[in-house]
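This structure is in structure tokens; I'll ask about it shortly.
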Amino acid sequence: MDGFRVVRRQTPHRWVGLIVLPAALLIALAFCSLLLMIQDKSPVEAAVVLFQGGFGSLYALQDTMLKAIPIFLCSLGVSIAFRMKVWNIGAEGQFALGGVGATWAVLTFPGLPMPLMLALMLACAAVTGGLWGMLPGLLKLKFGLNEIISTLMLNYIGIEFMRYLVYGPWKDPGSMGFPMTAMFPEEAVFPEVIGYVHAGLIVCVIAAVAVSVFLQRTRLGFELCAAGENPRAARYARIPYGFLLVFVLTVSGALAGMAGCVEVSATFNRLQPSLCTGYGYTAIVVAWLSRLRTPSIALFSIFLAGLLVGTDNLQVDLQVPAAFGGILEGFILLCVLAGQFFYSYTFVRTGRKQGGAA
Amino acid sequence: MTWDIFVALLAATVLAGTPLLYATMGELITERSGVLNLGVEGMMIMGAFFAFIVQFKTGNPWLATLAAGLGAACIGLLHGVVCLVFQGNQTVSGLALTIFGVGLSDYLGAPFIGEKTVGFQPFDIPLLSDIPVLGEVLFQHDPLVYLSYLLPWAVMWFFRRTSLGLALCASGESPDAVQAAGLDPVKMRWLGIFAGAFFVGVGGAYLSLCATHMWTQNLTAGKGWIAVALVIFAFWRPRRAMFGAYLFGGIMAFQLRLQALGTTIPSSLMMMLPYALTILALLFSSARGKGRSAPAALGDNIAPGA
Amino acid sequence: MRFLNCAAAVLAVCGMALSPLASSAHAEEAAKNIKVGFIYVSPVGDEGWSWTHDQGRKMMEEMPGVETTMMESVPEGPDAERAIKNMCSKGYNVIVATSFGYMDAMAKMAKRNPKVTFLHCSGYKHSENMTCYFGRMYQARYLTGMVAGAMTKKNEIGYVASFPIPEVVRGINAFTLGVRAVNPDAKVRVVWTRTWYSPDDEKKAAEGLLDVGVDAIAQHQDSAGPQTAAEARGAYSVGYNTDMSAAAPKAHLVAAVWDWNKFYKKFIDEYRAGTWKNGNYWYGIKDGIVDISAYGAMVPEDVRAKVDAVKADIISGKYQVFTGPVKDQEGKVRVAEGQVAPDDMLLSMDWFVEGVIGTTK
């Protein structure tokens, strides 16, 4: 009887992703079809409805883009931290704080002309989001506090802080006592650029270019990747690990903060408690699915946003619960994670003599 | 605050801390075997769901508890497949497990939202429940609460006195050494994931069978994540984990009573309290607890064919 | 040429994609067949707020020529906007959304889809094709407060409340006025849970109140968690949304309940007849949208008679709940003697009346 043995590849395989990724997606879809069949719903019909809802029309595509923009920015942020193996789970809270920063700019400096106002909002959001990201970095550096926990706890605290502001000091007197700020003036709303996709798209492009240039063309960017690959070697090479740690978390938070700014400005036009709907967590899924590569992050942001948008359609047409999107998202990630095994390992046939050696 | 309110607060603390205690102890076992499983929230809510369904269909709460443990363990085994077999990243896999578990429980549970069930009923332990103060605080609860008292000691005994427990902890510290001793560290990690997820599931069962006697979505409401934090707070020590679970439960119970007594602190700030105090407690303990750190191989996969 | 052909094809496809929203053909054709889409913020299976509306949807479904669908657990904001857009594009000619946070999205979509009728519950924006509607739940709250005030022995009643927004604050105030109308010494203690629906948290909040010494529990929450807590401790309880006596048979005094079916039936009838006028509607006990449930067996005859008399006065308009003098927590007179609080004041209420222990922050 022949056996198989697991062998580490000498160099990571380049095109294995072309097989692994679709295979993982297929397995995930098969599992979800099974779930649909339990509830007597046709998986084929569901797949059609899902695709139509997410990508099947110009409107669907625009909606998908709208959802992809904040996911992309958050994901770009966490991917920088992940490169250094710093686990920033806190994009959700940094996103909320970004919304707070942008709103502060609008409330404090009303009447600025649009370009100045938008730039100021983005800057403020980047600062508040960045500070919220920097905090866990400092806590890890000074006290050795695990960043998974601190970023997670800061999510809860950040969102409650945002709520505190809209329920209290920032509540619009004209809103009949409801928890929300006043509508932003026109100058503080990102204009629509393609269809009703807003200028947040431009922010995404600029951020993506800036991050790519930083990682590939600057010394700090290079050191950052090196520190992630091998922290011990990095220390010998005198790479400032502590500085980098705080730096990546700050940048990560700043990007999530900008996502928050774009979201309050362009889609809410005001700050209200329902700002946070889990983009920060989806961003982590996206970052990992795309193996931290910027172009792939863009693709997967759109892909996952489309899935989430498409599940709306599932609900309206087939009365499939909204939770279906989460199952799909989680299971795809699990399958892809397992599939990534084949990037660095391969199975080798072994003869009878060596059988069972593994 | 009068004495009566204080005693009632302590009793409420035990109740609020119990699901956290089970979940924390579960994650602690998993992490001691060297596997970081951030899917606690997902496994816990699936546990709550399985418990509810089995209770709903059979009417037997003990069977329901068992189903919760086994069901959550099955979900947890997905983590094992991804991380132990396919060498996936443990942090991300756990996160995916949470997203998956929360979604799945919502989806499968949708037809049952709002359905009620009997579950466990509190009963006073004879004699012990008559002790002043202590009786009211500790011995007038549900059976799952009573079992949870024994859990930290049972886990300690398992870690220290059984060869299996020793091997499990060793897999978290140095898988190579375990291998050298002729044992399979991967098997130990499977055990860690399975046993850990089992207790996490029982924590979920407590929520649907004892705390609410019903099913609804988002029943765990972030308790799984708190458990992950408490494991670190506890320095991976079972008795400290018990303390942490009650501390956190106590803060939540205290917050509500402070409001009831008429505090003027805004409710948003009250909601931040448990999370802010968790960070503070972690800071305080990590400043004092240098040297009692995580299992050395926590989060590292064991490469196959090595 | 080839390029032009391609471009034309692309344009045609785009045009097809755009058409569902723009076309009015749908609306005309659908005049015979009314398609109603409901959007809820929480799952409907909860016997709470969304459930009470979904009863209305199910009733519509039974009516001839009416077709319905619904989306539950839709987050407020862009997701709601998309949900509305999705329904509009599928030819739904009536969209109902039942959470305050949907208001902006609805107003925006109402402007873009002038042929579609929008019904928004609990907000304040309305237009040519958008109605805002709500119920004067505070009237029922006042009556339930009278019952609780008459039944409490410790003169302290607990109130488990969700979020400090005017709707909830108004309810607490009306309840407290009711309590103190029959029992001037009684106090109402408020605990905020910061959730609409979380059975565990709500139950724990009620237990906290009971520990502090209240002997009756009222709630502005969607689960029966507070009711079961009261039942277990031998206290009284006042339900909300629906008759919650099944959850706490020994504790349940009475409940303040919604009956949206009357509204939805009226709407469909008038819509079909072409007489429906969009606007701002705030229905009271008189219209049957809000009411109190049957009394629990423990409520004595004289209390029932007293409450029923006030209910009759509210229906006839002889009595109004926020009639002065109404003082706030600091003792400042907010509504002068003999005056009645105007609707604007009720709609934006962010202060507690005298007798409430807690904060609106």
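Computation of the quantities below employed the complete heavy-atom set of this structure, encompassing side-chain atoms and omitting hydrogens, waters and symmetry-equivalent molecules. The chains referred to below are lettered A, B, ... by the order of the sequence lines, with proteins before strands, and numbering in each begins at 1. A quick note: this is a predicted structure, and the numbers were derived from the prediction, not measured.
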task: Output, in order, the C-alpha distance, side-chain angles, deciding distance and verdict of side chain to side chain contact (heavy atoms under 4.5 Å, CB included) for C:Asp79 and A:Lys67.
output: CA-CA 9 Å; C:Asp79 294 292; A:Lys67 216 175 174 71; 2.5 Å; yes
query: Between C:Arg112 and A:Tyr196, is NZ or CZ placed under 6.0 angstrom from the six-membered ring centre and within 45° of the ring axis?
result: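 The answer is yes, since C:Arg112 meets both limits relative to A:Tyr196.
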- prompt: Given a strict heavy-atom distance threshold of 4.5 Å, which part of C:Ser99 is in contact with chain A: side chain, backbone, both, or neither?
  reply: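 No part of it gets close to chain A.
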field: Residue part contacting chain C, namely of A:Asn313, when any heavy atom lies under 4.5 Å
entry: both
field: Check against side chain to side chain contact (heavy atoms under 4.5 Å, CB included), A:Leu66 and C:Arg82
entry: CA-CA 10 Å; A:Leu66 281 186; C:Arg82 211 176 50 239; over 6 Å; no
- request: Name the region of C:Met103, side chain, backbone, both or neither, that has any atom closer than 4.5 Å to a heavy atom of chain A.
  value: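 Looking at C:Met103, just its side chain touches chain A.
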field: Nearest heavy-atom neighbours spanning A:Val316 and C:Met71
entry: CG2-SD, 3.3 Å
query: Which distance, rounded to the nearest 0.5 Å, do you find between the CE of A:Met176 and the CG of C:Asp350?
result: 12.0 Å
query: Which heavy-atom pair separates A:Asp312 from C:Ala83 by the least distance, and what is that distance?
result: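 So the two residues come closest at OD2-N, 4.3 Å.
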query: Hey, is NZ on A:Lys41 packed in by over 12 heavy atoms from elsewhere, all under 6.0 Å?
result: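 Result for NZ/A:Lys41: enclosed.
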message: If you count heavy-atom pairs within less than 4.5 Å of chain A, which of C:Pro164, C:Gly101, C:Ser73 leads?
response: C:Pro164
Side chain to side chain contact (heavy atoms under 4.5 Å, CB included) evaluation trace for A:Asn269 with C:Asp104: CA-CA 9 Å; A:Asn269 310 139; C:Asp104 286 347; over 6 Å; no
query: If you take all heavy atoms of C:Gly77 and A:Phe268, which pair is closest and at what distance?
result: CA-CE2, 3.5 Å
- prompt: Can you name the nearest heavy-atom pair linking C:Glu72 to A:Gln315, along with the distance?
  reply: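 Where C:Glu72 meets A:Gln315 most closely, the heavy atoms are N-OE1, 2.7 Å.
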Portion of A:Tyr167 that has a non-hydrogen atom of chain C nearer than 4.5 angstrom: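 For A:Tyr167, side-chain heavy atoms alone lie under 4.5 Å from chain C.
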task: Using non-hydrogen atoms and a 4.5 Å limit, figure out which bit of A:Gln272 sits close to chain C: side chain, backbone, both or neither.
output: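 Side chain only.
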